[in-house]
Structures are given as C-alpha cells and as structure tokens.
Amino acid sequence: MLNLLEYVLDNLRLNKDILISEDNYTPSILKSNLLVLDKAAPASLLSHLSSHHIRFSQMDIDDYINLSTNKDITRDISRYKEPNGIIITQQIAQDNSTALASLLSCGIINIPIIIYTCRPKLSEAVGFIRDGIVDYWSEHSEFSVITSSLENLLLIDRKRKFIRELFIEIRYRIGTLTKREAQVIDLLFSTDEDMTNKK
C-alpha cells in the first residue's frame, strides 16, 4: 500500500505542466520577505535585519491573525503577500501565548517562526524548538549564525509551499475521479491486503 502511495505521489510530482516544481521555491535571503510581529521591536533586531539587507514589515500579532484568517484577503494576491517567515520577540510570544500556539498549529500551512530574545536561557531555547519554533536569535547572535538560521527558515518555507501545492493538486485530482475510480480508491485505502488486479 505504501509503495502504491509513493508511486502516485511521484507521478504527481513529475507532472510539471500542472504541479509547480519544488525548485521554484528556493528564494535567496536577499529576496526573502519576513514579518516582525512586534510594532515596538527592539532596535537590535531591526539592526540585525538591516545588516543582512532583509526585506521586512512590522505588524501587531492580533492584526496578523485576523489578516491571515480572512479568506477574502488571502485569496487576493494583490492585497496579501504571504511572508516567507515570521519573527516574534520573546515578550510578545509570552504575552500572546494563545495566538502563538494557533500560529504553530496550522499543520502544513503554518509559516516558520523565529523567536528573538535578549537573554536566552538554555531551557527556554529547548522549549522554543519543542514548541515548533524554527530557531531563536539574541542581540548577541553573530552574522553567520543569523545567515544560517535564515537559510534554514527559507528551506522550511520552500518545502511548506511545495507540500501545500501538492495537496491542492491531489485534492483537485480526487475531485475529478469517476464514480468507479473513487470506488477503487476507497477499496485500496480500506484494506492492508496485497491485492491482485482481479481482486
């Protein structure tokens, strides 16, 4: 059964006329677009971003939650450009734990997040990663460390977008199955038995 699913997914990936290639989602750091969820972000964080020539915008976390859940806006590319990643300060994260949890629990559509903290403790750093945060920076983070962290964030973002595109394509194809094809698929998913073509 697993071999069959791998075969189906491989064939979906090879259909380049419809499915966007994963290679198309390889943004460079200079072309990345990050969102800082803190209108009063520390000057040291903004300096880190500026020194890397990173394009970024700032927004309150509540405003972003409202925007990202508004389907009318998110469907309109001219009004909504999804960021490659989010940076959130530790203070904002602690003050908005429920909102942060919702950002981290969106399955395949969640956006990779980096925490910015002035004085990180080891236990906090471990907690960040365990909760699903991609990485953390501090005001003392070196240039090379931030570069590596951003590259990792963009890699995760590329895979996230590719997987989402793949699921959209799978959903479309399932919707175009004939009634008989749907019956066959249902049968394949409902048994662990290795079946012959006749069965």
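Quick caveat, the model's predicted, so the values are computed rather than measured. Throughout, residue positions are numbered sequentially from 1 according to the sequence presented.
Expressed to the nearest 0.5 Å, how far CG of Leu100 lies from CD1 of Ile92 amounts to 11.0 Å. The line from CG of Asn152 to CD1 of Ile114 is 8.0 Å long, rounded to the nearest 0.5 Å. Here Glu124 contributes atom CD and Ile129 contributes atom CD1; the two are 12.5 Å apart, rounded to the nearest 0.5 Å. Between atom CG of residue Asn33 and atom CG of residue Leu154 there is a gap of 10.5 Å, rounded to the nearest 0.5 Å.
Under the 4.5 Å side-chain criterion, counting only non-hydrogen atoms from C-beta, Val134 is in contact with Ile156. Side-chain contact between Leu45 and Thr89: present, with at least one pair of heavy atoms (C-beta onward) separated by less than 4.5 Å.
Shown here for Lys39 and Gln58, the closest heavy-atom pair between the two residues is O-NE2, 3.4 Å. Listed here is the closest heavy atom pair of Leu37 and Ile88: O-CG1, 4.3 Å. Shown here for Pro112 and Leu153, the closest heavy-atom pair between the two residues is CG-O, 3.8 Å. Considering all non-hydrogen atoms of both residues, Ile115 and Ala93 come closest at CD1-CB, 3.8 Å.
Judged by distance alone, with hydrogens and angles left aside, the side-chain atoms of Ser51 form a donor-acceptor pair with the main-chain N or O of Ser47 at under 3.5 Å. Without hydrogens or angle criteria, Ser50 side chain to Leu46 main chain gives a donor-acceptor distance under 3.5 Å. Counting only distance, with no hydrogens or angles, the side chain of Asp131 and the backbone of Ile133 share no donor-acceptor pair below 3.5 Å. Proximity of a side-chain donor or acceptor of His52 to a complementary backbone N or O of Phe143 within less than 3.5 Å is detected.
When the shell of 6.0 Å around OH of Tyr136 is examined, it contains 12 or fewer heavy atoms from other residues, nucleotides or ligands.
Contacts of Asn96 classified as side-chain hydrogen bond (donor to acceptor under 3.5 Å, both in side chains), with partners at least two apart in sequence or in another chain: none.
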Apply side-chain contact (heavy atoms from CB on, under 4.5 Å) to residues Tyr64 and Ile86 and explain how you reach the verdict. CA-CA 10 Å; Tyr64 177 72; Ile86 289 174; 3.6 Å; yes
Is there a side-chain contact (heavy atoms from CB on, under 4.5 Å) between Leu49 and Val36? Walk through the geometry before answering. CA-CA 10 Å; Leu49 295 171; Val36 178; 3.7 Å; yes
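At a cut-off of 3.5 Å, with distance as the only test, no side-chain donor of Asn84 or Ser32 sits close to an acceptor on the other residue. For the 3.5 Å distance criterion, the side chains of Trp137 and Thr117 fail to qualify, holding no donor opposite an acceptor.
Partner of Pro83 under the side-chain contact (heavy atoms from CB on, under 4.5 Å) criterion, out of Leu34, Asp157, Leu35: Leu35 alone.
Between Tyr116 and His48, the ring planes are perpendicular. Angles over 60° get that label, and only those under 30° would be called parallel.
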Could you pull out every donor-acceptor pair under 3.5 Å between side chains of residues 180-188 and any protein atom, sequence neighbours left out?
residue, atom, partner, partner atom, Å
Arg180, NH1, Gln183, OE1, 2.9
Glu181, OE1, Thr178, N, 2.8
Glu181, OE1, Thr178, OG1, 3.3

